[in-house]
Amino acid sequence: MSCFEHDQSRRAFLKRAGALGLAGVATPFATTLGAIGEAAAATATDYKALVCVFLYGGMDYANTLTPYDQASYAQYLAARSNIALTRDSLANTVLNPAAALAGGRQYALAPTMGSLLPLFDQGKMAVALNLGTLVQPTTKTQYLQNTVKLPPKLFSHNDQQSYFQASNPEGATSGWGGRIGDLYQSGNGSATLTCINTSGNAVYLTGRNAVQYSVGTGGPVPLIGNSRTLYGSSAAATTLRSLMTSPTGALLADEHARVSKRSLDTYTQVAGALANAPATNFTLFPGNNGLADQLKMVARLISVSQDLGAKRQVFFVSIGGFDLHDNLVAQHGPLMGKVADALRAFYDTTVSLGVADKVTSFTASDFGRTLQSNDDGSDHGWGSMHFVLGGAVRGQRFYGTPPAIGNNTPDDVGQGRLLPTMSVDQYAATLARWFGVSDTDMRTVLPNIGNYNGSTWNLGFI
């Protein structure tokens with residue numbers, strides 16, 4: 001199994017399972033009690049949803065958002081001649097922003113991402129330039145002289161996946177999506193339906209109090225099949241449910257019973273609501289696309305949010321396969337095509353549901369990759385390019401500073417590894433503020449945000 005997969009080494013699995021166990025089942029214990037005073041519950045009268053689209057393995061930024069103006073393309077080609085896209089192939093996906101970049105700089109989407117071009121042109125998609133994990137603003141001199149705090153274990157898949165999602169390396173017990181959920185879960189009809197994951201567990205959605213709820217692409221995951229009979233007997237099934245959900249007076253057993261009851265009740269609630277979501281509302285999603293299947297389920301859940309009593313929801317979907325140390329040209333384009341087609345179908349579906357301005361999706365990844373080729377692939381990097389989509393997005397614009405192109409430029413730390421000039425904290429704070437998080441609570445959601453000037457907490461892309 002390749003290293004990009006979802007932290008599926010035995011060591012990572014055990015660490016993550018332990019962290020989720022504490023967050024998901026230890027509500028009466030001291031770990032949760034210690035967080036009670038950190039953030040007051042927030043209220044909301046309207047509906048909003050954040051959708052994190054995580055690209056596991058480290059997205060190759062240079063063949064996703066490729067320099068297109070003649071001078072920049074020449075530098076790009078010189079750095080990765082054997083895996084570069086041809087300039088002719090990019091002609092149909094050139095991005096024309098409302099405000100031109102300085103120095104005549106231009107970018108084009110990967111040729112397979114053409115389905116997103118109309119959204120950019122309509123102002124519904126924005127591009128974040130050179131985004132990555134940081135602890136605080138960092139210059140190349142500070143990096144080289146080791147005079148600034150850096151995210152631990154840079155270029156490590158597990159740790160940088162976790163740092164992007166949680167502001168802490170592998171072993172983190174809560175992520176910034178889950179900490180946003182902490183603020184809003186009390187205002188939802190069911191607190192369990194605040195943070196929803198369609199692709200397994202991710203620290204991003206684990207709160208200090210909020211518990212992520214996992215669903216499959218076909219709907220909620222049943223506990224013991226949620227069957228009405230056991231060995232053909234309805235009485236046996238009823239007895240088993242009673243044994244699983246009845247308190248006994250023992251602390252751990254009672255907690256297990258509470259979690260079991262929550263699972264059974266939530267399944268019934270969600271399955272019932274989804275039965276009222278007509279299939280004809282979700283015909284835009286392409287087939288043979290796992291990410292599209294996940295986003296289709298998110299769209300279905302959003303469509304019944306009123307029935308579920310939800311005012312604020314945070315979702316997580318993902319796709320793997322981006323750790324392309326070799327065979328990048330053949331594999332990266334089709335992967336990004338799946339991402340683009342899934343995002344386009346999701347946005348168009350929110351339009352048809354009348355909630356496009358209430359739903360914002362954004363991409364994320366472990367890290368970017370090197371500009372310099374590694375045989376016929378690229379190596380682990382740092383900063384990358386990302387996309388934000390939705391009806392509330394101030395799109396048709398680039399946000400951040402276009403990095404210099406090449407090896408050992410002022411913007412990279414070797415082999416075209418970009419030193420981020422936009423931090424995940426600033427990216428997250430901008431999304432969180434749109435969601436309704438106050439400046440006071442922002443420090444709880446994003447513990448490092450205080451390292452940045454307050455005027456840069458909101459980057460303005462939404």
Side-chain angles (χ1 to χ4, degrees), residues 48-55 59 61-62 64-69 90 93-102 105-110 113-133 164 176-177 180 291 295 314-315 317 336 339-351 355-365 368 383-403 418 420-437 446 452 455-462:
K48 286 184 179 179
L50 279 175
V51 184
C52 177
V53 181
F54 206 91
L55 314 180
M59 182 184 69
Y61 72 85
T64 297
L65 189 75
T66 304
Y68 184 76
D69 61 277
L90 298 167
T93 52
V94 177
L95 296 177
N96 295 302
L101 291 171
R105 295 287 296 273
Q106 288 181 292
Y107 287 100
L109 296 173
M113 298 179 69
S115 56
L116 291 181
L117 189 63
L119 298 189
F120 184 83
D121 291 341
Q122 295 163 19
K124 305 304 179 184
M125 184 177 90
V127 179
L129 298 171
N130 196 8
L131 165 70
T133 57
F164 199 116
W176 55 269
I180 290 174
L291 182 62
L295 286 169
V314 187
F315 295 91
V317 301
M336 291 312 301
V339 171
D341 291 348
L343 287 172
R344 173 63 187 272
F346 180 68
Y347 174 78
D348 287 347
T349 299
T350 64
V351 171
V355 295
D357 62 333
K358 305 296 184 184
V359 181
T360 300
S361 54
F362 60 96
T363 61
S365 190
S384 192
M385 314 301 189
H386 287 285
F387 307 100
V388 187
L389 300 90
V393 171
R394 294 174 178 146
Q396 203 180 4
R397 289 175 173 80
F398 296 99
Y399 292 85
T401 305
L418 295 180
T421 50
M422 180 188 299
S423 74
V424 173
D425 296 281
Q426 293 166 306
Y427 188 56
T430 305
L431 293 162
R433 180 170 290 183
W434 169 78
F435 205 63
V437 176
L446 299 162
Y452 299 86
S455 65
T456 69
W457 290 12
N458 185 354
L459 299 175
F461 56 73
I462 184 170

Would you find a donor on one side and an acceptor on the other, under 3.5 Å apart, between the side chain of Arg344 and the backbone of Met113?
-> no
Distance, nearest 0.5 Å, that separates CG of Asp357 from NZ of Lys48 = 9.0 Å
Hey, can you tell me if Tyr427 and Phe362 have their rings parallel, tilted or perpendicular (30° and 60° cut-offs)?
-> perpendicular
Test item: Leu431 and Ile180 side chains (from C-beta on) under 4.5 Å apart, heavy atoms | no
Using atom types as modelled and distance alone, determine if a side-chain donor or acceptor of Thr133 lies under 3.5 Å from a backbone N or O of Phe164.
-> no
How many angstroms lie between CG in Leu95 and CG in Leu109, if you round to the nearest 0.5 Å?
-> 4.0 Å
Can you name the residues that form a ring-ring contact (aromatic ring centres under 6.0 Å, His included) with Tyr452, not counting sequence neighbours?
-> none
Does Thr363 reach the main-chain N or O of His386 with its side chain, forming a donor-acceptor pair under 3.5 Å?
-> no
For Tyr399 and Val388, what are the C-alpha separation, side-chain angles and deciding distance, and is it a side chain to side chain contact (heavy atoms under 4.5 Å, CB included)?
-> CA-CA 11 Å; Tyr399 292 85; Val388 187; over 6 Å; no
Are any non-hydrogen side-chain atoms of Met336 and Thr64 less than 4.5 angstrom apart?
-> yes
Candidate list Tyr61, Tyr68, Phe398, test ring pair (Phe, Tyr, Trp, His ring centres under 6.0 Å), partner Tyr107, passing option = Phe398
So, Arg397 side chain and Gly395 main chain: donor-acceptor pair closer than 3.5 Å or not?
-> yes
Report the C-alpha distance between Leu446 and Trp457 in whole Å, list the side-chain angles of each, state the deciding distance to 0.1 Å, and finish with yes or no for side chain to side chain contact (heavy atoms under 4.5 Å, CB included).
-> CA-CA 11 Å; Leu446 299 162; Trp457 290 12; over 6 Å; no
Approximate separation, where rounding is to 0.5 Å, of Tyr347 OH and Ser115 OG | 14.0 Å
Nearest-0.5 Å distance, CG of residue Leu291 to CG of residue Asp341 = 10.0 Å
So CD of Gln426 and OG1 of Thr456: to nearest 0.5 Å the spacing works out to 4.0 Å
In Å, rounded to the nearest 0.5 Å, how long is the span from OG1 of Thr349 to CG of Leu295?
-> 9.5 Å
CZ/Arg394: more than 12 non-hydrogen atoms of other groups inside 6.0 Å | no
Taking all heavy atoms of Ala100 and all of Pro97, pick out the closest pair and write down the distance.
-> CA-CG, 4.2 Å
With side chains defined as the heavy atoms from C-beta onward, is the minimum distance between Val339 and Phe387 less than 4.5 Å?
-> no
Give every donor-acceptor pair under 3.5 Å between a side-chain atom in residues 117-132 and any protein atom, sequence neighbours left out.
unit_1	atom_1	unit_2	atom_2	d
Gln122	NE2	Pro118	O	3.4
Asn130	ND2	Leu419	O	2.9
Asn130	ND2	Thr421	OG1	3.4

Looking only at heavy atoms, the pair that brings Ser365 and Leu55 closest together is OG-O, 2.6 Å
For residues Pro67 and Ala62, report the shortest heavy-atom separation together with the two atoms involved.
-> CD-O, 4.4 Å
What pair of heavy atoms forms the shortest contact from Ala110 to Thr93, and how long is it?
-> O-CG2, 3.9 Å
Sub-3.5 Å donor-acceptor pair from the side chain of Thr430 to the main-chain atoms of Leu459, do we have one?
-> yes
